[in-house]
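Here is the naming used below: chain letters follow the sequence lines, and residue numbers restart at 1 for every chain. Every heavy atom of this structure was used, including side-chain atoms; hydrogens, water molecules and symmetry mates were not.
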2 protein chains.
Amino acid sequence: MKATPTIKDVAQRAGVSPSTVSRVIADHPRISAATKERVRAAMAELNYHPNAVARSLVRRRTYTIGVALSRSAEAALANPFFPEVLRGVGAVARQARYFLTLTTATSYEDEREQCIELLTQRRVDGLILLASRTDDALVDWLAQHSYPFVVLGRVPGRDVPQVNNDNVAAARAATEHLLALGHRQIAFIGGPPDFVVSVDRLAGYREALEGAGLRFQDDLVVHTDFSYEQAYVAARSLLVGPAVRPTALVAIDDSVALGVLAAARELGLRVPEDLSVVGFNDSPVCAHVAPPLTSVAIPIFELGAAAARMLCDALDGVEGPRKILLPSRLVVRGSTGPAPATGKGAMPTPRAVEVVRAEVVRTFGGGYAGG
Amino acid sequence: MKATPTIKDVAQRAGVSPSTVSRVIADHPRISAATKERVRAAMAELNYHPNAVARSLVRRRTYTIGVALSRSAEAALANPFFPEVLRGVGAVARQARYFLTLTTATSYEDEREQCIELLTQRRVDGLILLASRTDDALVDWLAQHSYPFVVLGRVPGRDVPQVNNDNVAAARAATEHLLALGHRQIAFIGGPPDFVVSVDRLAGYREALEGAGLRFQDDLVVHTDFSYEQAYVAARSLLVGPAVRPTALVAIDDSVALGVLAAARELGLRVPEDLSVVGFNDSPVCAHVAPPLTSVAIPIFELGAAAARMLCDALDGVEGPRKILLPSRLVVRGSTGPAPATGKGAMPTPRAVEVVRAEVVRTFGGGYAGG
DNA sequence: TTGCCATATGCAAACGTATGCACACACCGC
DNA sequence: GCGGTGTGTGCATACGTTTGCATATGGCAA
């Protein structure tokens, strides 16, 4: 393979100067049609392609954005979140002529280091990062050095560009679904308490309870990580504990809900007759387990797409909203049903929701897209 | 934010020339310890970071590798393949001081275009790509232009650098496991026939049958895509067809196996009493469905890591194998059991495998790591 | 003819770094 | 005192583009 042709080779071949070739590449209006054609012919003959590195150097733009997703436990393997958000980011980025560079780290610190490296070395023009913890040193650093970035998730108390789904509304809707089915003892299995998503979903759960005039009970709430195994343990403790056994349960993630299903099966509890279960994320597996899992569908692709749109706009100097909140959908399947009749006169079951194969979908939440 | 400091600012501050600063960055042995210290102090004071773009231009290396995974149906959402292979690639790449750029495309053609763009524009030093189809125009193009690349998968009949798991051996082992349980009517649900993985796993299935003295029967083989829904349809056709109903089934993917489980449930067939099922990939969900799914575990992380190692070595001029074949593990769970006794005198069940909660793991396959 | 404007192109200087070569200096042995 | 060797640093130039400014050319009005 001979040396890659440069702009000079093309210039020589077309009988013009390198600057003219450069202007042809940019489709400059002051270059005559005849010259453009001749130069383009030369480029084709030599199979010339502009060197992106050299362009980046002089334009001071790489047209690459960094994506940091691995920093969260949510991006774990079983979770469809990771590839789906990347699809969304990629679709918009490509359309806006940006490339993607991503970090792959195992620890929070390593991830932070990689992001800083990407920006200080000017390998990327901006960053999209998944923010999960309630306090995040990287976000502070980025804001302080005024690097362009967009956060996927919510950063409490900091006014930074962010895209999120309305987790409070989502959890409220999930809980209200159970309330509407007549449940009164509703438990909540949350994630680590230093995760924003845990805080928000717990808040939504609480709002729904209090909105229905019920008391928030500490002993119906348990925190785990996002794993199936931990959820299994947590569910057992909730279901065989000394307290009144809950008839319904909101799980912070589908994998957690699967752990709950396993625990219930083990304890001889039927779902949904004895226990209703709601999960989050509407991962593909929800439709494929027995019973099919009722779950809150998060618009993952759209989250990624919105974040990319926001960042690309900022980089291209286009005005736009700096905060976006996307709505979710409750997908009702077989794992939720009417509350069992209690011994003492049976709570009324307001109205049964169709729970068979057909999925009942409801949309809710979203908003705050102000500048 | 003031302008980013350059090597010249550091030089001025340290009272040396830019070239000396450059040599300090590279830890050149001919720079005195005193000078090095002074320059490093200046770098720290100015918060200087070398500009990667400028370095790339003059070194003619970006220290970035492109990763193209979205080109395969295998990389679909529900599939843990995608993030896991990326983890493997990322771990090795980072260690070798390379960054990752990835393509996100929806079509095969778009993906091809993006890869070519990455290489011709010199945005990346090399490419790792998932090759799934039996014929692949991109692989030809890469080889012809002698760009550095490594294929994840197998490219039949082309001698290109590649990393793969031994799909023939894996499918053979899965089938032999069923044979050992006494099954004689074993069906196979494969993927699209123009996928190498389909061809290889079918070949392994066939080898196992013929090794046991059984005839390969066309009507026990069905091709679908990798989706749950299509698998459900295919499984129904196999299980209610006019032919003798199979007592066991090898599915090309876990999602396909889940579709089979659903079809069986629907038809009132018990698993594993009436039908044994084996899947591929050992995705996390396998352990969490009822019955837990026996599956062939592919070393996905290791595939990614090996591919990255191979590419980085090639880029760094290090000698190494150009083909790697990794072994797989059969993870036996509850979805496979002894063949049901036939009316006419019952096939002997050679030996029961432990199938309860505990997982029986066996390793097999692998090889061909020659230069 | 002169002057002026529009159009089309070239010149040269950037962008921030790496590196071959020259050079200054000190030290050494003869 | 000389050539020789080693050590530490600077000078230029190169990497492949983009772009502000200058300039050449032609047409046209005065």
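The CD atom of B:Q121 sits 15 Å away from the P atom of D:dG16 (whole-angstrom rounding). Going from atom CD of A:Q12 over to atom C1' of C:dT9 covers 17 Å, rounded to whole Å. Straight-line distance from the CZ atom of A:R61 to the C1' atom of D:dT18: 15 Å, rounded to whole Å. Following rounding to the nearest Å, B:R30 (CZ) and C:dT19 (C1') show an atom-to-atom distance of 13 Å. Atom CZ of A:R123 is separated from atom P of C:dG16 by 16 Å (rounded to the nearest Å). Here the P atom of nucleotide D:dT18 and the OH atom of A:Y63 are 11 Å apart, to the nearest Å. Atom CG in A:L46 sits about 14 Å away from atom P in D:dG16, given to the nearest Å. Between the NE2 atom of A:H49 and the P atom of D:dG16 there is a distance of 15 Å, rounded to whole Å.
Salt-bridge check for B:E302 with B:R309: failed, with every basic side-chain N at 4.0 Å or more from each acidic carboxylate O.
By the 30° and 60° cut-offs, the orientation of the rings of A:W141 relative to A:Y147 is parallel. In this pair, B:Y63 and B:Y98 present their aromatic rings tilted. The plane angle is within the 30 to 60° band.
Here the side chain of B:D316 pairs no donor or acceptor atom with the backbone of B:V318 at under 3.5 angstrom. With hydrogens and angles ignored, the 3.5 Å screen pairs a side-chain donor or acceptor of A:H28 with a backbone N or O of A:R30. Checking side-chain atoms of A:Q114 against main-chain N and O of A:T104 turns up a donor-acceptor pair under 3.5 Å.
Here B:T35 reaches the OP1 or OP2 of D:dT9: one of its side-chain N or O atoms lies under 4.0 Å away.
Listed nucleotides: C:dC15, C:dT9, D:dG16. Nearest to the side chain of A:R60: C:dC15. Distance from the side chain of A:A54 is smallest for D:dG16 among the nucleotides D:dG8, C:dT9, D:dG16. Distance from the side chain of A:L57 is smallest to C:dC15 among D:dG10, C:dC15, C:dG10.
Judged by the 6.0 Å and 45° rule, B:R133 forms a cation-pi pair with B:Y108.
Remark on DNA chain C: of its neighbouring residues B:I7 and A:S17, the 5'-side contact belongs to A:S17, judged by nearest-heavy-atom nucleotide. Comparing A:I25 and B:H28 against DNA chain D, the residue whose closest nucleotide sits nearer the 5' end is B:H28.
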Can you tabulate the close N/O pairs, meaning under 3.5 Å, that link protein atoms to atoms of nucleotides 19-28 of chain D?
{"from": "D:dG20", "atom 1": "O6", "to": "A:R23", "atom 2": "NH2", "distance (Å)": "3.3"}

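B:R55 comes within contact range of the sugar-phosphate backbone alone, with a heavy-atom separation under 4.0 Å but no base atom that close. B:V21 comes within 4.0 angstrom of no nucleic acid atom, judged by non-hydrogen atoms across all strands. Backbone-only engagement by A:V16 is indicated by non-hydrogen atom pairs under 4.0 Å involving sugar-phosphate atoms exclusively.
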